[in-house]
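Shown next, in structure tokens, is the structure this report addresses.
As a basis for the values below, the full set of heavy atoms in this structure was taken, side chains included, without hydrogen atoms, waters or symmetry mates. All residue numbers refer to positions in the sequence shown, counting from 1.
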Amino acid sequence: MPDDDSLRVREFVRMFRLISTAKEAAEALQLRNLVHLTNMALLQVALDWDGLDPERDPDIDLGGLVREKARIAMRNGRENLLVLPHT
């Protein structure tokens, strides 16, 4: 049985992947405002994932943080995907 930290990471991975999917759909539809909002949401998920506050630590590499979390989410997220048939 997975421990609480493992479950927490899985939930952040799941959330990151869901928002990333929404961002891709918004990009495909050229919805610039929605792309902007999903970028902000991805940044917030990355910050919350690590418990960081950019106001307390202004030297955080925010772009690097989001890229790191994207790599983790895409690498580990495949086993969390469940594809349901369209009915």
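Interatomic distance, CG of D50 versus NZ of K69, reported as 3.5 Å (0.5 Å rounding). Taking CG of L42 as the reference point, atom CG of L47 lies at 11.0 Å (rounded to 0.5 Å). Separating the CG atom in D5 from the CZ atom in R10 is a distance of 12.0 Å, to the nearest 0.5 Å.
With sequence neighbours left out, D57 forms a side chain to side chain contact (heavy atoms under 4.5 Å, CB included) with D59, I60. Checked against side chain to side chain contact (heavy atoms under 4.5 Å, CB included), A41 has the following partners two or more places apart in sequence or in another chain: I19. Applying the side chain to side chain contact (heavy atoms under 4.5 Å, CB included) rule to E68 yields the partners L65, R71, I72; only residues at least two apart in sequence or on another chain are considered.
Clustering ILVMFWY residues whenever any of their side-chain heavy atoms sit less than 4.5 angstrom apart, transitively, puts L18 in a cluster other than the one holding L31. One hydrophobic cluster holds both V9 and L43 under the rule that ILVMFWY side chains link at heavy-atom gaps under 4.5 Å.
Heavy-atom minimum distance, D48 versus R8: O-NH2, 3.4 Å. Nearest heavy atom pair, residue F16 against residue A70, reads CE2-CA, 3.5 Å.
With contacts defined as side-chain heavy-atom distances shorter than 4.5 Å, the pair L37/M40 qualifies.
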